[in-house]
Number of protein chains: 2
Amino acid sequence: MNQSLNHRRPLVSVDLAIFSMLHGDLSVLLVKRRDEPFDPHPGLWTLPGGLIDTNLDKDLEHCAQRRLKEKTGVRAPYVEQVGSWGSASRDPRGWSTTHVYFSLIAEDEASPISGGNADELRWAPLDGSRVRGKLAFDHSDLLKAAVGRLRGKAEYTSVPAFLMPAEFTLGELQRAYEIVLNRTLEKKAFRTRMLATDLLESTPRYQEGPNRPARLFRLTHKRRPFFFTRPFRPR
Amino acid sequence: MNQSLNHRRPLVSVDLAIFSMLHGDLSVLLVKRRDEPFDPHPGLWTLPGGLIDTNLDKDLEHCAQRRLKEKTGVRAPYVEQVGSWGSASRDPRGWSTTHVYFSLIAEDEASPISGGNADELRWAPLDGSRVRGKLAFDHSDLLKAAVGRLRGKAEYTSVPAFLMPAEFTLGELQRAYEIVLNRTLEKKAFRTRMLATDLLESTPRYQEGPNRPARLFRLTHKRRPFFFTRPFRPR
DNA sequence: TTAATAGTGTCTTTCAGACACTATGTC
DNA sequence: GACATAGTGTCTGAAAGACACTATTAA
């Protein structure tokens with residue numbers, strides 16, 4: 001037998017940074033680790049995920065979708081791989097690797113968290129690239145990378161549109177971008193940019209309010225995000 | 001003991017797409033698999049890489065650098081993670097994952113391939129995102145993703161500059177971009193863009209030729225690539 | 001001189017930014 | 001009417017594109 005196959009094999013897991021926009025905050029879903037004797041970091045919060053199950057999962061994407069469904073009960077409109085991490089030290093149980101995905105869930109899909117198992121779940125609002133409190137393992141780093149990717153994509157793609165509920169106004173979409181980017185954007189430029197894509201379609205409905213009603217839009221059935229030719233002006 | 005630790009562990013490897021510009025072709029370094037009894041795909045070519053050695057490697061980056069050094073004998077000026085792949089079917093020996101990195105080697109560093117072990121190595125010129133001939137495992141897909149990343153980065157970053165030798169002319173740099181992007185670029189726009197960065201510094205030397213000598217430039221000691229505010233115009 | 005590539009001047013085009021303006025609802 | 005937010009008209013500005021022009025070498 002080939003000697004290299006006898007190398008000690010690392011642990012392999014998939015972790016998810018599942019984002020949603022809740023009460024005006026970009027938030028990420030966290031799971032509390034159970035208090036069990038041989039578990040490292042019992043009681044600490046982590047990104048949802050876990051070891052690959054070589055019987056259940058046919059590939060990494062599939063594993064990510066399975067975990068997502070398990071925690072949120074929904075199929076996310078957008079999932080993207082952020083990257084992978086692996087080292088001898090990130091998990092006290094030994095050499096381990098993780099494949100990190102981020103996904104965006106619409107605000108109105110985000111509430112029914114659970115999905116079957118009784119893990120303790122919590123939506124944590126982001127403060128910059130961090131949440132309050134310490135995360136287990138290197139999950140703060142993973143989260144930071146995922147938030148960085150989302151912010152980066154917000155500069156020049158339509159990715160944040162996947163945070164929106166079924167119907168939404170351009171004002172709401174702009175606010176979502178502003179929260180992700182943590183800066184204000186110019187209204188006209190934003191609207192022109194968004195309407196130039198083939199991603200939004202106008203509905204015949206309006207959102208009523210204490211002032212002029214706003215046109216409701218919905219996403220067309222494009223799966224892929226739109227890439228703008230220029231980023232928003234940095235400040 | 002936690003049951004999940006008893007899951008069968010996947011194989012974990014790191015693979016590298018090492019690019020260089022050779023004789024006017026963007027080329028990638030390949031290794032020939034040895035003809036051994038239990039090895040899958042004996043005699044086929046693959047991207048260099050291999051299983052993580054949990055004794056030697058402290059993390060994935062370190063493993064990538066070690067493999068790179070092993071094959072090329074040089075430390076690449078640029079290494080970037082492309083992503084990770086994993087499935088039950090990509091390796092006949094069982095569930096396996098790989099972490100893919102791409103790196104750029106200057107033309108004048110690329111010749112002394114070897115580095116200690118006597119693997120059969122070859123620089124294969126790229127035709128689109130492929131090389132002539134079949135690669136083992138899913139390495140054609142990994143290569144395609146790595147080439148796609150390099151091309152993508154060429155649109156709006158200075159990344160291809162890391163393909164250049166110690167001193168080079170702006171014309172040579174433009175040709176490198178044109179080969180990577182597989183289209184011509186407008187000279188003035190290209191020069192203005194490149195000189196607006198703080199990446200190039202003028203040397204007092206010129207490259208002599210059968211016509212007007214061209215100023216030689218070198219890279220400043222910036223490690224990070226420069227991100228331009230707009231991509232080159234798509235065609 | 002010619003051939004060839006290096007390098008520039010300058011006008012056009014594109015699209016984001018700024019910002020004032022109008023529109024339309026509730027109260 | 002006031003107020004608030006929706007939505008537009010239009011000028012400015014920054015950087016790329018086009019392309020003709022000049023510069024400098026060898027032969």
Side-chain angles (χ1 to χ4, degrees), chain A residues 24 152-158 160 164 167-179 181 183-218 226-235, chain B residues 24 152-158 160 164 167-179 181 183-218 226-235:
Chain A
K153 285 277 167 100
E155 293 286 357
Y156 64 99
T157 76
S158 68
M164 304 312 289
E167 299 197 343
F168 55 89
T169 69
L170 287 176
E172 288 166 345
L173 180 58
Q174 182 171 348
R175 277 187 289 283
Y177 266 85
E178 289 176 342
I179 289 164
L181 292 172
R183 67 174 196 263
T184 59
L185 297 173
E186 210 284 322
K187 181 167 58 165
K188 184 64 187 301
F190 182 82
R191 298 172 74 93
T192 310
R193 173 178 280 214
M194 288 301 156
L195 293 173
T197 72
D198 52 356
L199 294 171
L200 303 186
E201 66 190 16
S202 179
T203 73
R205 286 172 291 286
Y206 288 86
Q207 186 169 92
E208 313 279 329
N211 41 42
R212 176 173 171 178
R215 173 70 72 180
L216 283 164
F217 289 83
R218 63 165 164 255
F226 190 92
F227 285 68
F228 304 111
T229 54
R230 304 186 201 175
F232 289 110
R233 190 177 71 84
R235 292 191 321 168
Chain B
K153 285 277 165 101
E155 293 287 357
Y156 64 98
T157 75
S158 67
M164 304 312 290
E167 299 196 344
F168 55 89
T169 70
L170 287 176
E172 289 166 344
L173 180 58
Q174 182 171 348
R175 276 186 291 283
Y177 267 85
E178 289 175 342
I179 289 164
L181 292 172
R183 66 174 196 264
T184 59
L185 297 174
E186 210 286 321
K187 180 166 60 164
K188 184 65 188 300
F190 182 83
R191 299 173 75 92
T192 309
R193 172 179 281 213
M194 287 300 156
L195 294 173
T197 71
D198 52 356
L199 293 172
L200 302 187
E201 68 191 13
S202 180
T203 73
R205 287 172 291 285
Y206 288 86
Q207 186 169 90
E208 313 279 329
N211 41 42
R212 177 173 171 178
R215 172 71 72 180
L216 283 164
F217 289 83
R218 64 163 165 257
F226 191 92
F227 285 68
F228 304 111
T229 54
R230 304 185 201 175
F232 289 110
R233 190 177 73 83
R235 290 192 320 170

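These values consider heavy atoms only, across backbone and side chains, with no hydrogens, waters or symmetry-generated copies. Below, chains carry the letters A, B, ... as their sequence lines are ordered, and counting in each starts from 1.
- Looking at the side chain of B:R212, the nearest of the listed nucleotides C:dC15, C:dA6, C:dT24 is C:dA6.
- Of the two residues contacting DNA chain C, namely A:F228 and B:G171, the nearest-nucleotide position lying further toward the 5' end is that of B:G171.
- Protein atom CD of A:E186 is 13 Å distant from nucleotide atom C1' of D:dC11, rounded to whole Å.
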Inset, instruction - Tell me, with the steps shown, if B:M164 and B:L173 meet side-chain contact (heavy atoms from CB on, under 4.5 Å). - result: CA-CA 7 Å; B:M164 304 312 290; B:L173 180 58; 3.7 Å; yes
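- To the nearest angstrom, C1' of D:dA15 lies 16 Å from CG of B:L185.
- Nearer the 5' end of DNA chain D, as judged by each residue's closest nucleotide, is the contact made by A:K187, out of B:R230 and A:K187.
- In terms of position along DNA chain D, the nucleotide closest to A:T169 lies nearer the 5' end than the nucleotide closest to the other residue of the pair B:F190 and A:T169.
- Salt bridge status for A:E155 with A:R183: present, with a side-chain N to carboxylate O gap under 4.0 Å.
- Note on ring orientation: taking the six-membered ring where Trp is involved, the planes of B:F190 and B:Y177 are perpendicular (angle over 60°, cut-offs 30° and 60°).
- Contact record, A:P213 with A:E208: CG-OE1, 4.3 Å, taken as the closest heavy-atom pair.
- D:dA15 atom C1' lies 16 Å from atom CD of B:E155, rounded to whole Å.
- Considering only side-chain atoms of A:A189, the nucleotide from C:dG25, D:dA6, C:dG17 that sits closest is C:dG17.
- At least one donor-acceptor pair closer than 3.5 Å links the side chain of A:E178 to the backbone N or O of A:L185.
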Legend entry - Dot-bracket encoding per residue of DNA chain D, Watson-Crick/G-U cut-off under 3.5 Å, | denoting interstrand: |||||||||||||||||||||||||||
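- The aromatic ring centres of A:F217 and A:F168 sit 6.0 Å or more apart.
- Rounded to an integer number of Å, the gap from CG of B:L170 to P of D:dT24 is 17 Å.
- Distance CZ (A:F232) to C1' (D:dA14): 17 Å, rounded to an integer number of Å.
- Side chain of B:R193, nearest nucleotide from D:dT24, D:dA16, C:dA23: D:dA16.
- Taken residue by residue, residues 197-211 of chain A places heavy atoms nearer than 4.0 Å to DNA chain D at A:N211.
- Protein atom CD of B:Q174 is 13 Å distant from nucleotide atom P of C:dT5, rounded to whole Å.
- Between A:R215 and D:dA6 there is no side-chain polar atom (N or O) within less than 4.0 angstrom of OP1 or OP2.
- Sorted by first and then second residue, the side chain to side chain donor-acceptor pair (under 3.5 Å) pairs with a member in residues 190-200 of chain A form an empty list; sequence neighbours excluded.
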Inset, instruction - Carefully, step by step, assess A:Q207 and A:R215 under the rule side-chain contact (heavy atoms from CB on, under 4.5 Å). - result: CA-CA 6 Å; A:Q207 186 169 92; A:R215 173 70 72 180; over 6 Å; no
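- The nearest whole Å value for the distance from the CZ atom in B:R191 to the C1' atom in D:dA16 is 16 Å.
- Straight-line distance from the CD atom of A:E172 to the C1' atom of D:dG7: 15 Å, rounded to whole Å.
- A:T229 is not listed as a side-chain neighbour of B:R230, based on a closest heavy-atom distance of 4.5 Å or more.
- Put simply, the side chain of A:K188 and the base of D:dG7 share no donor and acceptor less than 3.5 Å apart.
- Not one N or O on the side chain of A:E167 forms a donor-acceptor pair closer than 3.5 Å with the backbone of A:T203.
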